[in-house]
Amino acid sequence: MERKEIEEKLYDIVSEIVGAPKDELKLETTFVNDLSADSLTIVDIMTRCEDVFQITISDEEAENMKSIGDAVKYIHTRLEKDKKK
Amino acid sequence: MTCKRRVAITGLGAITSLGSEVEDIWKNLLTKKSGISPITKFDASAYSTQIAGEIKNFDPSCFISKKDLYRLDIFSQYALFAAEKAIQDTQFSLDKEDLTKFGVILGSGMGGINEIESQADVMKEKGPRRVSAFSVPRLMINAIAAEISIKYGFLGPNFITASACSSSAHAIGQALRAIQYNEADVVITGGSEAVITPLSIAGFCSARALSQRNHDPEKASRPFDKNRDGFVMGEGSAILVLEEMERAKARGAKIYAEIKGFGTTADAYHITQPSPEGEGAKRVIEIALKDAQICKEDVHYINAHGTSTQQNDKIETLAIKKVFQERAYHIPISSTKSMLGHLLGAAGAVEAMVTAMSILKQQIHPTANYETPDPECDLDYVPETAREIRLGCAISNSFGFGGHNVCLVFCDPKKQ
């Protein structure tokens, strides 16, 4: 999956869960500071990512994703790795 | 012993199949408009019952943010919508109030059943890891009381009553007590229910509780009529704001009615059937009237539980006759469910709202679809049109699966 496609899907997921308009979301947008996401919201975003991208994200990995860009980068690397397997 | 404080109803709000404004719902009830139609929320073609009182075109976005909508089951969305309407109706300035004296006591029969069903599907299809982190806070039955307290900062008593179809009548009774005995000055009470779902309709169909008059939805809910064949599912929320009477008067609040008495009993008989002699229902009316210190002779109107099931309507009629004897034939009785269907845990709240409106307007709505007299249901069910009556005192009955009985007593404060 192309990085741009992952990014678009992330915006869809985050927009639906936090109720923010898609065009206000950027790669730099942080979950906690910019979107006031609580722990349940972050877990819900990760659960949805697992479903959409068919991957497993551990709690530690999720902990390190502070922004939408972090998540895109992580998912992209992860999918590339899976492809090589 | 401390003296009981008096309690006024100073705010109403609702969302039902007959509207999202209390005045609209009231006018529709007076003119016998039906909220019953074919089910559209899911494909009901395989069901023995395919009709319900659905809320159409519900738009809560004016009161609830998109972020909150995502994490709320529909039964909570209904409750928050109705609560906002009711709180606006009171004209409180909440920033000037002592919110430790504001409580929230609500009832629901089945809580977040939509969420339970949809997350069960997710788990079966995709496994436990895919179940939403919001599933528990969405589905828990107490979500409605919690969400309202969080939104408005109400710090007083906060809980849910669950007694099936009498849930919100119990909630209103507990709200009354909380104010009478000084645990709160204001209580947001009532209930919410959203059970037009594949699983719950299937369950009620299997229990043979629902009308199968699919070809004629508006005629399906026919309380006390000889040809009744079960109740029709409704949905929605009604919220009443109860307020300590002196406080309400001092701020010049609009007072719909005084709520004066509450009774609660059990049949201790069967999990779905009412006890055949109607003793539980009879006792609860007597207890509520005694609590209100009202004589039987002063009851001018009964808003019946009147579900349109064979059993309920017969037993409720019997209980009314046992309490009021010969006078039973002269007290007008109407069933709100004849038009809205049965809102289960929210039914008592809707009917309390309707009873309060009846007192304010000195008018009572008819029972729709009462066409063929049943020898066992031979009282005055107001079958034709709305009536203007002198209404000093009214009662509202609620009976739940499990044998839970509640009676609430409402009075016109001007006539006390």
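Just so it is clear: chains get the letters A, B, ... in the order the sequence lines come, proteins before strands, and each one is counted from 1.
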* Asked: Got more than 12 heavy atoms from elsewhere within 6.0 Å of CD, A:Q54?
  ->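 Yes, because the 6.0 Å sphere around CD of A:Q54 holds more than 12 heavy atoms from other groups.
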* Test A:K66 against A:E28 for salt bridge (Lys or Arg N to Asp or Glu O under 4.0 Å), laying out the working first. => CA-CA 9 Å; A:K66 306 290 184 205; A:E28 305 81 67; over 6 Å; no
* Taking heavy atoms only and a threshold strictly under 4.5 Å, list by residue number the residues of residues 56-93 of chain B that touch chain A; give 'none' if the list is empty. =>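 Those residues of residues 56-93 of chain B which have a heavy atom under 4.5 Å from chain A are B:K66, B:K67, B:Y70.
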* Are B:S17 and B:E54 close enough, and set up right, to give a side chain to side chain donor-acceptor pair (under 3.5 Å), and what steps lead you there? -> CA-CA 5 Å; B:S17 61; B:E54 284 185 347; over 6 Å; no
* To do: For this output row, return yes or no: ring centroids of B:Y47 and B:F204 closer than 6.0 angstrom.
  =>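 Distance test on ring centres: not under 6.0 Å, no.
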* Asked: Do you see a donor-acceptor pair shorter than 3.5 Å between the side chains of B:S132 and A:D44?
  ->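 Judged by distance alone, the side chains do pair up.
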* Are a donor atom and an acceptor atom from the side chains of B:S163 and B:S166 found within less than 3.5 Å of each other? ->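 There is such a pair (donor and acceptor under 3.5 Å, judged by atom type) between the side chains of B:S163 and B:S166.
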* Asked: Side chains of A:D70 and A:Y74: closer than 4.5 Å at any heavy-atom pair?
  ->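 With C-beta onward as the side chain, the pair stays apart.
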* **Side chain, backbone, both or neither of A:I57 within contact of chain B (heavy atoms, under 4.5 Å)** =>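 The backbone, not the side chain.
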* Asked: What part of A:S39 gets closer than 4.5 Å to chain B, counting heavy atoms only: side chain, backbone, both or neither?
  ->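 It is neither, since no heavy atom gets under 4.5 Å.
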* **Between A:L35, A:T56, A:D51, A:T47, the one whose heavy-atom pairs under 4.5 Å with chain B are most numerous** =>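 Looking at each of A:L35, A:T56, A:D51, A:T47 in turn, A:D51 comes out on top.
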